[in-house]
Number of protein chains: 2
Amino acid sequence: MTQEETNPGLVSAAIQAITQHIRVEGLGPGDLLPSEADMTRKLSVSRTVVREAFRSLSAMRLIDMSAGRRASVAKLDIGAMSMVIEHGVTTEQISVHQVYDVRRTIEMRTVALAALRRTDAEAAEIEKYARLMRENCRSPEIVMEHDIAFHEAIAQASHNPVFSLIINAFSGVTRRTWVIGWRTRATEEEQIKMIEGHGDIARAIIAGNPQLAAEHMAAHFDKSVKALIDAGIA
Amino acid sequence: MTQEETNPGLVSAAIQAITQHIRVEGLGPGDLLPSEADMTRKLSVSRTVVREAFRSLSAMRLIDMSAGRRASVAKLDIGAMSMVIEHGVTTEQISVHQVYDVRRTIEMRTVALAALRRTDAEAAEIEKYARLMRENCRSPEIVMEHDIAFHEAIAQASHNPVFSLIINAFSGVTRRTWVIGWRTRATEEEQIKMIEGHGDIARAIIAGNPQLAAEHMAAHFDKSVKALIDAGIA
DNA sequence: GCCCCAAACCTGTATGATATGTTTTCTTGA
DNA sequence: TCAAGAAAACATATCATACAGGTTTGGGGC
């Protein structure tokens with residue numbers, strides 16, 4: 001909304017009508033929306049228009065659609081967010097460096113929050129990914145996936161879904177640049193040191209020390225950014 | 001992408017094909033995409049499917065569409081991002097408080113970057129909004145709009161479009177809660193003090209003092225959040 | 001060389017048809 | 001009486017076609 005309102009066209013109006021319906025009826029995740037035929041009657045437009053509206057909301061993952069079933073309100077999902085970021089990067093309107101600055105800013109906060117708020121299960125999960133990185137240090141791809149899961153778990157443990165949302169939106173970019181950063185760490189020793197950085201973070205979270213956790217996270221990002229710069233990525 | 005791949009259906013495939021086209025061809029903002037008819041032939045699906053794909057990308061503001069013209073790659077825009085956030089808030093999957101924590105985190109960084117990187121024109125713009133808030137202190141709606149513009153200008157001056165993107169995505173939520181916070185500031189004196197907080201921030205940016213700017217921003221957010229809590233907003 | 005207009009092309013919307021998946025209802029058999 | 005299963009009602013997925021406007025382009029006239 002906010003900017004959809006001034007958009008011409010029946011489809012935008014239909015999108016607005018649907019989101020408004022969600023708001024007015026106070027619908028939550030899982031609740032069913034009217035069928036396309038209902039909407040067609042209610043808005044006095046063709047099925048085509050209603051369908052494009054539903055489809056658009058589905059593409060943004062604001063609603064779930066599947067054949068035979070009526071659409072339903074979706075659970076919070078990175079959905080569109082990651083597409084926007086990826087679009088920005090692939091069209092060179094956003095640099096990888098800028099993404100990392102945002103990640104650093106946010107993750108210094110999530111890690112501090114995680115140190116304060118994590119449950120024991122969350123702490124164990126975070127520690128698990130740090131360990132898995134160590135154990136698979138010979139397979140970059142696997143290390144990467146655990147790395148991403150590690151940061152995601154920390155965001156989760158911050159207990160603020162908006163942070164999770166944003167961090168996850170960046171994971172696509174991370175996947176496309178991670179290996180490059182890894183390769184600049186020439187020696188195996190350096191690679192192990194980088195992995196151990198995650199261990200430091202995990203321990204600080206488990207110890208419930210937000211200051212220390214934030215410091216380790218900052219150091220980790222500084223090293224990562226340096227690696228990307230060394231690799232010639234702006 | 002990233003999660004669209006596993007989605008069944010021709011439309012998702014078409015969306016992927018289009019984004020892939022943008023990537024492979026190295027298209028940038030303003031560049032034209034194939035016509036719907038072209039895509040129809042290329043993908044061997046009906047125009048309906050292609051249209052729904054285009055429309056979805058348009059709803060996310062990854063592409064621009066208008067009658068008679070072929071679609072083009074869009075400039076970076078909050079687009080979908082704000083819709084995701086709003087959806088989260090209206091369906092009560094995100095609390096206003098959580099949004100403010102994220103804003104605080106990010107804006108403490110943008111304000112520091114702004115102090116370091118702002119051009120003179122940007123500094124003047126920021127100062128202008130602070131002044132306009134002071135001059136219109138009797139009209140909450142107007143103060144609010146200048147307040148939002150103030151924070152947006154700071155994000156702009158950080159010279160990292162990702163920050164701008166995120167801050168702007170929150171402006172819808174801000175609009176819906178701002179007045180509530182304002183009302184809890186019972187006396188006119190308190191309201192003026194709150195507005196003066198913006199002046200402090202502006203001056204620190206102009207002075208090029210990132211530390212001070214961040215401190216003022218933190219204080220500003222702490223007061224705002226306190227106001228919302230006093231108003232009973234979780 | 002310039003202007004104007006028509007043709008070609010494109011998107012926006014509507015309609016109807018068919019295929020297929022899901023839910024509800026009703027029947028039938030134990 | 002009740003439960004299993006079939007049929008009907010409902011819903012989305014995709015396709016084909018049509019026509020109304022908006023935009024671009026190329027040609028003709030000057």
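Below, each value reflects all heavy atoms present in this structure, side chains not excepted, and no hydrogens, waters or symmetry copies. Note on naming: letters A, B, ... go to the chains in the order of the sequence lines (proteins, then strands), and numbering restarts at 1 for each one.
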Note to self: With the threshold set at under 4.0 Å for non-hydrogen atoms, list the residues of residues 37-48 of chain A touching DNA chain C in residue-number order.
What the structure shows: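 Result for residues 37-48 of chain A: A/V45, A/S46, A/R47, A/T48, sorted by number.
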- prompt: Which side chain to side chain donor-acceptor pair (under 3.5 Å) pairs, counting each pair once, include a residue from residues 157-166 of chain A, with sequence neighbours left out?
  reply: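 Side chain to side chain donor-acceptor pair (under 3.5 Å) check on residues 157-166 of chain A returns A/E122-A/H159.
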Report the nucleotide, chosen from [options], that has the shortest atom-to-atom distance to any side-chain atom of [X].
X: A/R55; options: D/dT14, D/dA11, C/dC10; value: D/dT14
X: B/S35; options: D/dT24, C/dC10, D/dT12; value: C/dC10
X: A/V49; options: C/dT11, D/dT12, C/dA14; value: C/dA14
X: A/R69; options: C/dT11, C/dT22, D/dT24; value: C/dT22
X: A/L10; options: C/dT13, D/dT14, D/dA13; value: C/dT13

Next on the checklist: As a quick check of understanding, evaluate ring-ring contact (aromatic ring centres under 6.0 Å, His included) for B/H151 and B/H198, giving each step before the final call.
Outcome noted: CA-CA 9 Å; B/H151 290 276; B/H198 289 77; 5.5 Å; yes
| query | Atom CG in B/D147, atom CG in B/N136: separation rounded to 0.5 Å? | reply |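 Reported to 0.5 Å precision, the distance equals 12.5 Å.
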What pairs of donor and acceptor atoms, side-chain ones from residues 62-75 of chain A against any protein atom, are under 3.5 angstrom apart with sequence neighbours left out?
unit_1, atom_1, unit_2, atom_2, d
A/R70, NE, A/L33, O, 3.0
A/R70, NH2, A/L33, O, 3.3

### Query
Quick one: does NZ or CZ of B/R51 land under 6.0 Å from the six-membered ring centre of B/F54, within 45 degrees of the ring axis?
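No, B/R51 does not sit over the ring of B/F54.
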* Asked: Would you call A/E36 and A/R47 a salt bridge, taking side-chain N to carboxylate O under 4.0 Å as the test?
  ->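 Between A/R47 and A/E36 there is no salt bridge, as every charged N stays at least 4.0 Å from the carboxylate O atoms.
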